[in-house]
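Beneath this line is the structure, given in structure tokens, with notes to follow.
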Amino acid sequence: MNTVANETKSSFLLNNKSGVDVKGKCIVGITQIAVLLIIAILFVILGIIIYQGREKFSWEFISSFPTDGMTKGGIFPALIGTFILVVVMSIAAVPFGTITAVYLTEYAKENSKIAAAVRFSVRTLAVVPSIIFGLFGLGFFIQFLGAGIDNTFNGGQLHWGQPNIIWASLTMSLLTLPVIIVSVEEALKTIPRELREASLALGATKWQTIKNVVFPGSISGIMTGTILAVSRGAGEVAPILFTGAAYYLATLPKSLSDQFMNLGYHIYIMSTQSSDVEKTMPIQFATTLVLLILTLSLNLVAVIIRSRIRRKAK
């Protein structure tokens, strides 16, 4: 009786183990298929863009000005405008987002109502549609702040109370701010609490601990998160529709109060409002390819910085 019961129990455990292995293999297989499908879709998209834009994509296309109603010439003003937008946006968003993340992680108490309000605001901003940021930039930066500056210092003459680079950049900085705050906060949390306590026990101040212990250990995550947020902002169009982007400018912006061309906005206008969409199709795909190269370059910079910092840390 005991022998039969033991054999039955062993058989049941063997079958159950085999069933668990089958389920595990199925899960792994489904995951691998999903990954391969995502990679295949990515390569299909890249392949279509490269194939359709190969005729126009050249150094002359990148370095020349548009002519003949945007059907000839290049995208140099749009490339420069996008670069200026990214630089000003980064100067405005990265320091402020980093300081906010440091406060939430290092200074705010666990039951702080201020910290809870800040986190709620960050989560809310993260889910707001990007077009809402554009409308906010139009109402606040241009019609309120810019018009107020003109009325106060320029005698009502229109200068800052119109779409330009600075207002578009500040609007984009608000869009990327939640991403920067969350990424920096998560990077700071990777540093063990014991290291902070050891630094404080040796007589270091709170700021010295953050500067000499927390930042060096989390700088790779901070740089990666901020650069990825900036690369996302480089491809956004909706926030700059009303705040500074122009369809056609044959000159480069001379100051922050000028309008500018943008790669994303350029693609949008040419694909929806061009007088001859079929004729401008190669230009659209070539411009898309340039924008992809720009964003992928920013991501590559993030990977290189992270790998070098990790290598030095080791």
Side-chain angles (χ1 to χ4, degrees), residues 32-87 89 129-131 134 165 168 172 175-176 179 227-253 259-304:
Q32 292 175 345
I33 292 173
V35 172
L36 292 176
L37 182 61
I38 293 173
I39 295 175
I41 293 173
L42 174 63
F43 276 99
V44 168
I45 294 174
L46 292 177
I48 293 175
I49 293 173
I50 293 173
Y51 179 78
Q52 295 289 343
R54 73 189 188 283
E55 297 180 0
K56 282 287 184 179
F57 184 77
S58 63
W59 175 250
E60 182 180 359
F61 177 75
I62 297 175
S63 60
S64 62
F65 287 79
T67 59
D68 196 16
M70 301 298 295
T71 59
K72 296 181 181 179
I75 57 170
F76 185 66
L79 183 62
I80 297 299
T82 304
F83 176 76
I84 296 174
L85 175 72
V86 169
V87 171
M89 175 187 68
S130 57
I131 190 67
I165 296 177
M172 291 295 295
L175 175 70
T176 58
V179 180
I227 292 178
L228 291 178
V230 169
S231 64
R232 180 210 170 186
E236 286 286 348
V237 176
I240 63 175
L241 286 174
F242 317 109
T243 55
Y247 168 53
Y248 178 77
L249 287 175
T251 59
L252 298 177
Q259 285 189 283
F260 65 101
M261 292 186 67
N262 178 270
L263 291 174
Y265 185 68
H266 182 66
I267 296 169
Y268 167 73
I269 290 295
M270 293 194 70
S271 60
T272 57
Q273 301 183 23
S274 176
S275 58
D276 192 347
V277 177
E278 294 297 330
K279 190 174 181 180
T280 59
M281 192 71 71
I283 300 177
Q284 298 173 32
F285 279 102
T287 307
T288 304
L289 182 58
V290 173
L291 182 58
L292 283 176
I293 292 174
L294 177 63
T295 54
L296 290 176
S297 299
L298 291 173
N299 294 339
L300 181 62
V301 169
V303 173
I304 293 175

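Owing to the predicted nature of the structure, the values given are computational and were not obtained by experimental measurement.
Among all heavy-atom pairs drawn from A229 and V179, the shortest one is CB-CG1, 3.6 Å. Of all heavy-atom pairs between P239 and L175, the closest is CG-CD2, 3.8 Å. Among all heavy-atom pairs drawn from P77 and S64, the shortest one is CD-O, 4.1 Å. Among all heavy-atom pairs drawn from V290 and F61, the shortest one is CG2-CE2, 4.3 Å. Residues F260 and P253 come closest through the heavy atom pair CB-CG, 4.3 Å.
With hydrogens and angles disregarded, no donor-acceptor distance shorter than 3.5 Å links the side chain of E236 to the backbone of M172.
Tested against L241, the residues N262, I269, I131 include a single side chain to side chain contact (heavy atoms under 4.5 Å, CB included) partner, I131.
Every residue two or more places apart in sequence or in another chain that forms a side chain to side chain contact (heavy atoms under 4.5 Å, CB included) with L42 is listed here: L46. Residues that satisfy the side chain to side chain contact (heavy atoms under 4.5 Å, CB included) test with I48, not counting sequence neighbours, are V44, Q52, F285.
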Review point. Between T176 and V230, is a side-chain contact (heavy atoms from CB on, under 4.5 Å) present by the stated rule, with each step listed?
Key: CA-CA 7 Å; T176 58; V230 169; over 6 Å; no
**Study point:** Residue pair I62, F57: steps toward the side-chain contact (heavy atoms from CB on, under 4.5 Å) verdict
**Key:** CA-CA 8 Å; I62 297 175; F57 184 77; 4.0 Å; yes
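Atom CE of residue M270 and atom CD1 of residue I283 lie 4.0 Å apart, to the nearest 0.5 angstrom. With values rounded to the nearest 0.5 angstrom, T288 atom OG1 is found 5.5 Å from I49 atom CD1. Taken to the nearest 0.5 Å, the CG atom of L300 stands 11.5 Å off from the OG1 atom of T295. Once rounded to the nearest 0.5 Å, the distance linking CZ of F65 with CG of L249 reads 10.5 Å. For the atom pair CE (M261) and CD1 (I84), the distance works out to 13.0 Å, reported to the nearest 0.5 Å. Residue L263 holds its CG atom at 12.5 Å from CZ of F83, rounded to the nearest 0.5 Å.
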